[in-house]
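Here's the structure, in C-alpha cells; my notes come after.
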Amino acid sequence: METAKILVVEDEVIVARTIASQLTQLGYTVIGTASSGKVAIAKALEAKPELVLMDVILKGEMDGIDTASYIREHLDIPVIFLTAYGDDNTLERAKITQPFGYIIKPFTSKDLRIAIEIGLLKHRLERDIRENHDKLATLLNSISDAVIATDDQGLVTFMNPAAEALTGWQQKDALSTDVSKIFHLVDEVTETKLENPVTKVLREQQVVYLKEFTSLITKDGKRVPIGDSASPIMGLPNQINGVVIVFWDLSERRKTELLEQALHKEQELNNLKSLFISTVSHEFRNPLSVIQTAVELIELQGENLTEVKKNTYLRRIKIAVESMKNLMEDVLFMGKAEADKLECKPAPLNLKEFCQELIEEFTSLTTSGHEILFNCSSEATDAFMDERLLNYMLVNLLSNAVKYSLHRKTIRFDLICDQHTNLATFKIQDEGIGIPDPDQARLFESFYRASNAQSIQGTGLGLVIVKRCVEAHQGTIILNSAEGNGTTFTITLPLEVVGDR
Ligand code: ATP
Ligand code: MG
C-alpha cells in the first residue's frame with residue numbers, strides 16, 4: 001500500500017517534530033515540516049504532498065488560514081487544520097478555505113489517523129465528482145442536441161449552448177425561470193399550444209416524446225420544427241428530482257421532406273400526363289376506327305347500299321361521335337379541374353324539381369331499361385348551387401349505376417334536404433357488380449378502374465371529375481360498396497354554397 005505524503009506546518013519546532021514522528025509511526029511519509037506560511041507554500045510547490053497538516057496560528061505575514069487558502073486554490077492539496085482553540089471567529093475564517101478537517105490539540109495518534117484518512121478520502125471523492133462534472137459539462141456543451149434541465153418544480157437549472165442557440169434564451173437569464181416560458185411548443189398543423197413536456201413528465205413520472213410536427217417558438221417569436229424527448233431525473237425511487245429535455249432542430253429535415261414531396265408530386269404529375277395522353281389517344285382511336293370503317297363500307301357499297309344498312313352505319317357513326325364528344329368534354333373538364341379553375345357559380349334552384357327533371361332527361365337518353373326510383377320527403381328543397389356542376393355529378397353517378405348494374409335494373413335515388421344542418425344529401429344506390437375492397441381507396445384517382453370493371457367500357461375519369469365538382473361545392477362524397485351486392489354513393493353539399501368571386 002502506498003503511504004500518503006504529508007507536509008506538516010507548525011511554528012513550534014518541538015510540536016512539529018512530535019507530529020512528524022507520530023505520522024511516521026502511523027505509516028505516512030512526512031515530506032517535511034515548515035514553520036511559516038511562505039516556507040510551507042514553497043515546500044508544497046516543490047514536493048507536492050497529498051495532504052497538509054496546518055497550524056491555524058503561524059508567525060509571520062501569513063497565518064495558517066491564508067496559507068491554507070493559497071495551497072487549496074493554487075495547488076489543489078487538501079488541508080487539515082491543527083488548532084488549539086475552536087473559537088467561532090477562527091472557525092468561520094477557516095471555513096472559507098474549505099478545509100478537509102480539523103484536529104483540536106491535544107490529539108492522539110488515533111485522532112490524527114482518522115482525520116487524515118477522512119481528509120484524503122474526501123479529497124479523492126471531490127476530485128472524482130469534479131472530473132465527472134467536467135466531463136459531463138464538456139459533453140453537454142459540445143453535443144449538437146439542445147439540453148435543458150429543470151428541478152422538480154419545472155424551474156430551469158441548466159441549458160447547454162445548443163439549447164441557448166435554439167431557444168434564443170441565455171442560460172444566465174433562464175436560470176430559475178419556469179421552463180414553460182422558455183420552451184414554448186405549438187402544433188405545426190393546427191397551430192394550437194401544446195402541453196409543456198416537463199409538466200407531463202412531472203405528472204406521469206416517465207419519459208415523454210413529442211408528437212410529429214411540433215414547433216418551438218423561440219424568444220424572438222420564430223418557429224422552429226423540433227423533435228424531442230423529456231425524461232424524469234429520479235432521486236430516490238418514486239421521487240422525481242427534475243426533468244431533462246433533449247431536443248433538436250428539424251428545419252433542415254423538414255425542408256428536405258418538402259423538397260422530396262414536391263419532386264414526388266412533379267414526378268406523379270409527369271406520369272399522369274403521359275398516362276393521360278396515352279389513354280385519351282387510345283380512347284379516341286376506338287370510335288375513330290368505327291367511323292372510318294363505317295365510311296369505307298358506305299363508299300364501297302356505293303349504289304348497292306340498302307336503306308337498312310345505311311341507317312346501321314349512320315347509327316354507328318353517331319354513337320362513335322357521341323362517345324368522342326363525351327370523352328372530349330371529360331378531358332376539357334379535367335383540364336379545368338386540374339388547373340383549379342373549376343368555377344362554382346351558384347344560383348337559386350329547387351333541388352327536388354331539378355333532380356326530377358334530370359332523371360327524366362337521363363332516362364329518355366338511356367336505352368338500358370333501368371328504373372330510377374326517386375324519393376324525396378323533405379318539404380323545403382330550395383337551394384343555392386351551381387346547376388352545371390350538380391348536373392355533372394349526378395349524371396356521372398347515374399351513368400355508373402346503370403353501366404355497372406346491367407343485370408339488376410333498379411336504381412334508388414334519394415334526396416334529403418335538412419334545414420337544421422343546412423345540408424343536402426344525394427344518395428344513388430344500385431344493386432350491381434359492386435367494387436372490390438382493395439380498389440375502393442383508389443377510385444378517385446385519374447384512370448383508375450376496379451379489377452371487376454375491366455371488361456366494361458370506361459376511362460376512369462368520371463369519379464375524379466365528380467369529386468372535383470363536390471369539392472368546388474365544399475361538400476363530401478362517400479362510397480359504400482360490397483362486391484357482387486351493389487354500390488351507394490352519398491354526396492353531401494351545403495344547401496347554400498358560397499361561390500367563387
Ligand atoms: P368514365 O370515365 O367513362 O366514367 P369509368 O366509369 O370507368 O369511366 P369512373 O366513373 O371514374 O370511371 O369510375 C371509376 C371506377 O369505379 C370504374 O371503372 C368502376 O370500376 C368503379 N365504379 C364506379 N361506379 C361504380 C358502380 N356504381 N358500381 C361498380 N363499380 C363502380
Ligand atoms: Mg363512369
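Atoms within a ligand are numbered from 1 in the order they appear, just like the ligands themselves. For clarity, every value in this text was computed on a predicted model and none was experimentally measured.
In the vicinity of G458, heavy-atom distances shorter than 4.0 Å reach the ligand 1 atoms 3 (O), 7 (O), 8 (O). Taking a cut-off of under 4.0 Å to the non-hydrogen atoms of K403, the atoms of ligand 1 that pass are 3 (O), 5 (P), 6 (O), 8 (O).
Side-chain contact, D152 with N241: no donor N or O sits under 3.5 Å from an acceptor N or O. Checking S368 against T366 by side-chain atom types alone, no donor-acceptor pair falls below 3.5 Å. Between N452 and Y404, the side chains place no donor N or O within less than 3.5 Å of an acceptor N or O (distance only, hydrogens not considered).
Among protein heavy atoms, the minimum distance from atom 18 (O) of ligand 1 is reached at R449 NE, 3.1 Å. Nearest protein neighbour of atom 11 (O) of ligand 1, counting heavy atoms only, is L463 N, 2.7 Å. Of the protein's non-hydrogen atoms, the one nearest atom 23 (C) of ligand 1 is N400 ND2, 3.5 Å. Nearest protein heavy-atom contact of atom 27 (N) of ligand 1 is D430 OD2, 2.8 Å. The closest protein non-hydrogen atom to atom 2 (O) of ligand 1 is L461 N, 2.8 Å. Scanning the protein heavy atoms around atom 12 (O) of ligand 1, the nearest turns out to be G460 CA, 3.1 Å. Scanning the protein for heavy atoms near atom 30 (N) of ligand 1, the closest one is I435 CG1, 3.2 Å. Of all protein heavy atoms, the one closest to atom 3 (O) of ligand 1 is T459 N, 3.5 Å.
Side-chain N or O atoms of T256 include one that pairs as donor or acceptor with a backbone N or O of E252 at under 3.5 Å.
Residue contact annotation: S399 places no N/O/S atom under 2.8 Å from the Mg ion (ligand 2).
Aromatic ring centres of F426 and F489: separated by at least 6.0 Å.
Looking at V464 next to ligand 1, no N or O pair under 3.5 Å apart turns up.
Electrostatic pairing of R130 and D76 counts as a salt bridge here, judged by a charged N lying under 4.0 Å from a carboxylate O.
Atom CD of E379 sits in a sparse spot, with 12 or fewer heavy atoms from other residues, nucleotides or ligands closer than 6.0 Å.
Heavy-atom separations between Q457 and ligand 1 are all 4.0 Å or longer. Not a single heavy atom of G432 sits closer than 4.0 Å to an atom of ligand 1.
Using a 4.5 Å heavy-atom cutoff, the side chains of F158 and I148 are not in contact.
Distances from atom 25 (C) of ligand 1 to the heavy atoms of F447, F444, Y448, Y404 put Y404 nearest.
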